[in-house]
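Every value quoted in this text rests on a predicted model; they were computed, and no experiment measured them.
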Amino acid sequence: MTVHDTPGEFLDGYVQILAEASATGRRLTRDELRSRRELGARAAASGHGWRVLVREHLTASRTSWPTAAAPDSVLSVIEQAVDAFADGYERAQRLVIRQEEAARREFIDDLLHGRGDPGHLSARAEQFGLRLSRAHAVAVAEGPAKYDETDPVPRQVQDTLFTRFENRRILFTTKDGRMVCIAPGDQGDVLTHFAKQAHAATDGGQVAIGRPRPGAVGIGHSYEEALNALDVAQRMGFDDPLLRAADLLVFPVLARDRQALMDLVHNTLSPLEQARGGAQPLLDTLTAYFDTGCVAAETARRLSLSVRALTYRLERIHTLTGTDPTDHTHRYTLQTAVIGARLLDWPTRPL
């Protein structure tokens, strides 16, 4: 808000009301109260601070004190007039805050989803502390609950973030129940600190960081990468507190051609459904086997099996699929199919 008028201009008619009402001890009329509220609203819209306005009222009251009136009557008029003025001021401020928050929300939605003219977005970004001429990266934190900016958890994370990096050009918000932090791409310490604080505040939530990207459109791409990383982590069972999209690029590559991935999973793994108990136990065996680097003893330990029982399962997989997980020439196809099954949530979801 910009200050346009002097504080004294918002006392128009105050001295007259003070003299007339205190002389008889009457209460202020409806019109008098409305005039105070209107002036209070104007003062808020003009950007004047409340302390200055109160001081102006007190100064006018002292210099124009009606000496013939009872002190209690004068104080009662001052109380009513200032209260009405404050009511108009506060209502106008709340309206301004709601309008600013709506504008901020609209800007954030446009920025994260790549909507609107990039030049217009850049101009609006300056109001919120961002310079879109630089590359930015986006971090997204997901916890056990959905949050908005009024909840204690986001407020705690935001306070610790801005306490440490008060001079940095960063933006903190919530979106779709998640916490979001946007920072210049060369300031990885900001996003790492955000991730640490968000993980602690959400009792073990996950944070994903997209790659730094230039311009307004780049922020939207980085945001999408972070969301995709969280989705991949959920599908693949990754429990790392911090995920970096740059480390998970193989998964979006695999998922990009969904039909080809479905064909691979179907042709390679669907015979496992013929096994007693269905495909899931053998699919879990393959997942653990590949996760351990194909070390049989460690795989058996993770699955609470004997090495002999594990060997039987691997042989059963070979028999059903025609692909030997212990053969390095077959392993790549089989492991890629297993990753694809996890991305597609097969066999829980039919192909």
**Student:** I'd like to know if Val190 and Leu111 are part of one continuous hydrophobic network [Ile/Leu/Val/Met/Phe/Trp/Tyr, side-chain heavy atoms within less than 4.5 Å].
**Tutor:**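 Looking at the clustering, Val190 is in a separate group from Leu111.
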**Student:** Please answer whether the main-chain N or O of Phe85 pairs with a side-chain N or O of Arg36 as donor and acceptor at a distance below 3.5 Å.
**Tutor:**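 Absent.
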**Student:** Is Lys146 salt-bridged to Asp151, going by a charged N under 4.0 Å from an acidic O?
**Tutor:**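 Salt bridge between Lys146 and Asp151, a charged N being under 4.0 Å from a carboxylate O: no.
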**Student:** Take Asp109 and Lys175 through the salt bridge (charged side-chain N to carboxylate O under 4.0 Å, His left out) test and state the conclusion after the steps.
**Tutor:** CA-CA 8 Å; Asp109 287 344; Lys175 177 71 175 170; 2.6 Å; yes
**Student:** So, Asp247 and Arg211, do they make that salt bridge, N to O below 4.0 Å?
**Tutor:**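 Between Arg211 and Asp247 there is no salt bridge, as every charged N stays at least 4.0 Å from the carboxylate O atoms.
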**Student:** Looking at Phe251 versus Phe238, is the centre-to-centre ring distance below 6.0 Å?
**Tutor:**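 Phe251 vs Phe238: aromatic centres under 6.0 Å.
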**Student:** Got a donor-acceptor contact below 3.5 angstrom from the Asp257 side chain to the Ala260 backbone?
**Tutor:**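 Confirmed, Asp257 side chain pairs with Ala260 backbone.
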**Student:** So Glu56 and Arg51, salt bridge (charged side-chain N to carboxylate O under 4.0 Å, His left out) or not? Walk me through it.
**Tutor:** CA-CA 9 Å; Glu56 289 292 323; Arg51 180 183 298 180; over 6 Å; no
**Student:** Got a salt bridge between Glu224 and Arg213, using NZ or NE/NH1/NH2 to carboxylate O under 4.0 Å?
**Tutor:**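 So Glu224 does not pair with Arg213 through a salt bridge.
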**Student:** Would you mind telling me which of Leu39, Ile78, Val77 makes a side chain to side chain contact (heavy atoms under 4.5 Å, CB included) with Tyr14?
**Tutor:**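 Running side chain to side chain contact (heavy atoms under 4.5 Å, CB included) over Leu39, Ile78, Val77 with Tyr14 returns exactly one hit, Ile78.
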**Student:** Working to the nearest 0.5 Å, report the span between CD of Gln274 and CG of Leu272.
**Tutor:**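 If we round to the nearest 0.5 Å, Gln274:CD and Leu272:CG are 8.5 Å apart.
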**Student:** Does Arg37 come within less than 4.0 Å of Glu32, counting only side-chain N to carboxylate O?
**Tutor:**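 Not counted as a salt bridge, because no side-chain N and carboxylate O are separated by less than 4.0 Å.
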**Student:** Can a donor-acceptor pair be found between the side chains of Asp327 and Thr329 at a distance below 3.5 Å?
**Tutor:**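 Per modelled atom types, Asp327 and Thr329 side chains form a pair under 3.5 Å.
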**Student:** Would Arg42 and Glu38 pass as an ion pair if we require N to O under 4.0 Å?
**Tutor:**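 Between Glu38 and Arg42 there is no salt bridge, as every charged N stays at least 4.0 Å from the carboxylate O atoms.
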**Student:** Hey, quick one: are Leu282 and Tyr312 part of the same hydrophobic cluster, counting side-chain heavy atoms closer than 4.5 Å, chains of contacts allowed?
**Tutor:**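 Not linked; separate clusters.
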**Student:** So, the side chain of Gln156 versus the backbone of Pro152: is there a donor-acceptor pair under 3.5 Å, distance only?
**Tutor:**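 No; zero donor-acceptor contacts below 3.5 Å.
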**Student:** Which atom pair, heavy atoms only, marks the closest approach of Thr323 to Pro325?
**Tutor:**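 That would be O-CD, 3.3 Å.
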**Student:** Do any N or O atoms from the side chain of His199 and from the backbone of Pro241 form a donor-acceptor pair under 3.5 angstrom?
**Tutor:**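 Answer holds: no.
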**Student:** For the pair Arg91 and Asp87, find out whether any cationic side-chain nitrogen is under 4.0 Å from an anionic carboxylate oxygen.
**Tutor:**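 A salt bridge links Arg91 with Asp87.
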